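Protein chains get the first letters and strands the later ones, always in sequence-line order, with residue 1 at the start of each. What you see is a predicted model, and the numbers here were worked out from it, not measured in a lab.
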Protein chains: 2
Amino acid sequence: MPTIYQVAERAGVSLSTVSRVLNGKASVNKVLKERVDKAVKELNYRPNSVARSLANSRTDSIGVLVPELNAPFFGDLMQAVESTLRAADKHVIISVGQNCVETEKDAVEFLISRNCDALIMHAEALSDEYLLELNQSKLPVALVNRQVEGLPEACTSLDNEKGGYLATRHLLELGHKDIAYISGPKDKSDASLRLQGHKRALSEAGLPVDPQLIFNGDYSEEDGKVGLLELMARDIPFTALVCANDWMASGALSCARDLGMSLPQDLSIVGFDDVVFAHHVFPRLTTVSNPIAEMAEMSAKYILNKVYGQANEVQHYFEPSLVVRESTVKHEG
Amino acid sequence: MPTIYQVAERAGVSLSTVSRVLNGKASVNKVLKERVDKAVKELNYRPNSVARSLANSRTDSIGVLVPELNAPFFGDLMQAVESTLRAADKHVIISVGQNCVETEKDAVEFLISRNCDALIMHAEALSDEYLLELNQSKLPVALVNRQVEGLPEACTSLDNEKGGYLATRHLLELGHKDIAYISGPKDKSDASLRLQGHKRALSEAGLPVDPQLIFNGDYSEEDGKVGLLELMARDIPFTALVCANDWMASGALSCARDLGMSLPQDLSIVGFDDVVFAHHVFPRLTTVSNPIAEMAEMSAKYILNKVYGQANEVQHYFEPSLVVRESTVKHEG
DNA sequence: AAACGACTAGAAAGCGCTTTCTAAATATTA
DNA sequence: TAATATTTAGAAAGCGCTTTCTAGTCGTTT
């Protein structure tokens, strides 16, 4: 591997000059510049990014933290982040947090020790305080799909309340009156906001909110099944079901089918997130789309602005929208 | 951020000594070692990985190249690679190749310019020659799910022929005799091997191979649909269908349903790969499992051995196995 | 034509480590 | 006890860049 020194030698200039033409910051005599360019080509020279990083204390690398990698939702996120960042010649270092405080902290430490210039995270377990402190003391942070008090510009988030509202209103418009709800963990703000939207839709329609029709799940497929079973066991009839994410919807869906119900006639189901497999389930799932890829892209652009002086426009709030497929149907009665 | 120099000062030793206790390579007086450890703790010192890399020309980073990030299959791969590598305190830099020669080469160049110590790739478009040369001249390479002539130890691969064989034999055992096949792109070795296995199963059963019952797809969901339509248009009856991957199987599945067929009675379908959504489709897909996570883990371990002197046992060849679900059923007749 | 200012190029320091080389201190042997 | 071998610690060079500082060149002004 040739070094900048060899380029300088071959071009007959000092290495400062080579550095200057490489970085294009200061002005360099045209003739010299051409000599340098020629030498660079001939030697097939590539600057050593490690040395460069050491000299200007910048690694051009961004740490990305996600709870897991093998889920469609985070795949979409990663894809968006990677392509946005690579277009700017930055590289992404990934780290998974497993949805657990300790592991997430570990992952952050790991990323910090790797001298990342910034962090983009979909952090589920870390507290607002921790994130705030991190952003202040160590390095810039962008939060995807989350709102942190005190860090408005660093966050991208979805109007989850509206999403929950849309799901339930859709069912109301189809004539359903008895609508059950399987929620996500209530300590997660997105889960509680979605539920809140559900309740608002009910209230607006002049319908009561029956806590017996609400089950608290944990966002897992299994809890979709458990939730449906439990709700049915309570013996309060319902003709439609809203699930706070697609995984639970899928669990409920197949459980219902296993129970011999015919879908969507016997039960209309709405999911949330519109992940890849939402249109693979049968009946194809009506759901609320979560523009995770766009949010991720915005987070990346925010970092590009903040750390590398770019000037992209960034959007912080995103609107969910209803995706009507075949798992919901008009309620006759 | 404290530097090694400040640690040395506080501990009253030279920085060489600090470096020695940090790396634990040379022996250091117990008393001094304790003083250093104490200083490290008090200053909350963390070695600067960039400086370290510059000094020993090693970045402890491994580039990972995949065709895309937002597909379950590659999510599994990434997950396995990340966890294996992080356990060894290495970090992974990701890059996507989009299944295109130019983009993949670009990605490799990008990774090289980032001074990765090695590359782990699921390269689809790059030629064997390119990979060979890369491995020889630039940096060690591990290929996931691929066999490259001349690089046996660097590859992990699946017995695709056996996979295709298993799929078809399963259908034969269920009494099917007229079995259609939707293949992947024939220029991809996995696709042609799977097809080969299918043919072997047919031959072993004394059945002819009818080219009219074979459609060449491109592994996309859309081509599952197109393939089924085309096969049916050929007017040669078949009671079962093997698809060379789950995406096409899913496409065929929903197409068949849209056509009003009742599944699996009217048509048994087998997929390949056993991706996340295989059990989300309806009827749940019978498929051939592809242990991509294990292969990925092995590739990571191979690199750990080769580049960092570890001594993990690594397996290079993997056997597929049949996962029987509900999309296949006995053929009465 | 002399004096000044504006550019441009090179020298050298420094980024924070690792590692070789040297010297001192200790242990070993005759 | 003297001479040698063995540890162990520190000094210093070097990894490949960026950037400040200095000096030199050229052009402008009066």
Side-chain angles (χ1 to χ4, degrees), chain A residues 1-40 43-61 89 91 112-117 139 308-309, chain B residues 1-40 43-61 89 91 112-117 139 308-309:
Chain A
M1 278 274 126
T3 72
I4 197 174
Y5 196 82
Q6 323 202 26
V7 176
E9 199 171 27
R10 184 175 197 108
V13 299
S14 76
L15 80 175
S16 335
T17 302
V18 177
S19 175
R20 282 187 193 106
V21 345
L22 254 30
N23 293 296
K25 289 189 178 174
S27 56
V28 176
N29 183 295
K30 208 176 171 188
V31 180
L32 295 193
K33 176 171 163 28
E34 276 165 11
R35 293 223 307 265
V36 170
D37 286 340
K38 187 154 165 273
V40 165
L43 292 170
N44 191 24
Y45 168 76
R46 288 181 143 292
N48 180 321
S49 60
V50 175
R52 175 175 283 187
S53 293
L54 183 59
N56 64 12
S57 52
R58 234 202 194 194
T59 57
D60 289 329
S61 68
D89 231 56
H91 67 256
I112 292 178
S113 82
R114 246 49 208 215
N115 294 71
C116 293
D117 293 339
L139 74 185
Y308 304 106
Chain B
M1 277 275 126
T3 71
I4 197 172
Y5 197 82
Q6 324 203 27
V7 175
E9 200 171 27
R10 184 175 196 107
V13 299
S14 76
L15 80 177
S16 337
T17 302
V18 177
S19 175
R20 281 184 193 109
V21 345
L22 254 30
N23 293 296
K25 288 189 179 173
S27 56
V28 175
N29 183 294
K30 209 178 169 187
V31 179
L32 295 192
K33 176 169 162 29
E34 276 165 11
R35 293 222 308 262
V36 170
D37 286 339
K38 188 155 163 272
V40 165
L43 293 170
N44 192 22
Y45 168 76
R46 286 181 144 294
N48 180 321
S49 61
V50 175
R52 174 175 284 185
S53 293
L54 183 60
N56 64 13
S57 53
R58 231 200 194 194
T59 56
D60 289 330
S61 68
D89 230 55
H91 67 255
I112 291 177
S113 81
R114 246 50 211 219
N115 294 71
C116 292
D117 293 340
L139 72 187
Y308 305 106

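Across Ala39(A) and Ala11(A), no two heavy atoms sit closer than the pair CB-CB, 4.0 Å.
Bounding nucleotides for the chain A contact on DNA chain D, 5' to 3', at a heavy-atom distance below 4.0 Å, are dG16(D) to dT20(D).
With contacts defined as side-chain heavy-atom distances shorter than 4.5 Å, the pair Asp60(B)/Asp89(B) does not qualify. Side-chain contact between Tyr5(A) and Val18(A) is absent, with no heavy-atom pair separated by less than 4.5 Å. Between Asn29(A) and Thr17(A), every side-chain heavy-atom pair lies at or beyond the 4.5 Å cut-off. When side chains are defined from C-beta on, Val40(B) counts as touching Leu22(B), because their heavy atoms get closer than 4.5 Å. Considering only heavy atoms from C-beta on, Lys33(A) stays 4.5 Å or farther from Val36(A) through its side chain. A heavy-atom distance below 4.5 Å is found between the side chains of Val50(B) and Val50(A).
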Q: Please assess Tyr45(B) against Gln6(B) for the test side-chain contact (heavy atoms from CB on, under 4.5 Å), listing each intermediate value before the final yes or no.
A: CA-CA 9 Å; Tyr45(B) 168 76; Gln6(B) 324 203 27; over 6 Å; no

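Inspection of the Ser19(B) and Ser16(B) side chains reveals no N or O donor paired with an N or O acceptor under 3.5 Å.
Using modelled atom types, one side-chain atom of Ser49(B) and one backbone atom of Ser113(A) make a donor-acceptor pair closer than 3.5 Å.
Distance CG/Asp37(A) to NZ/Lys30(A): 11.5 Å, rounded to 0.5 Å. Summarising the geometry, atom CG belonging to Leu43(A) is positioned 12.0 Å from atom CD1 belonging to Ile4(A); distances are rounded to the nearest 0.5 Å. Atom NE2 in His91(A) sits 7.5 Å away from atom SG in Cys116(B) (nearest 0.5 Å).
Across residues 27-39 of chain B, not one residue has a non-hydrogen atom less than 4.0 Å from an atom of DNA chain C. The stretch residues 49-59 of chain A touches DNA chain C through Leu54(A), Ala55(A), each having a heavy atom within less than 4.0 Å of the strand. Contacts between residues 6-19 of chain B and DNA chain C, defined by a heavy-atom separation below 4.0 Å, involve Ser16(B), Ser19(B), listed by number.
The C1' atoms of five pairs define one axis at each end of the helix from dA1(C)-dT30(D) to dA30(C)-dT1(D), and these two axes lie 40° apart (to 10°).
Applying side-chain contact (heavy atoms from CB on, under 4.5 Å) to Arg52(A) and the options Asn48(A), Asn56(A), Leu54(A) leaves one that passes, Asn56(A).
Applying the salt bridge (charged side-chain N to carboxylate O under 4.0 Å, His left out) test to every pair with at least one member in residues 4-20 of chain B, sequence neighbours left out, gives these pairs: Arg10(B)-Glu42(B).
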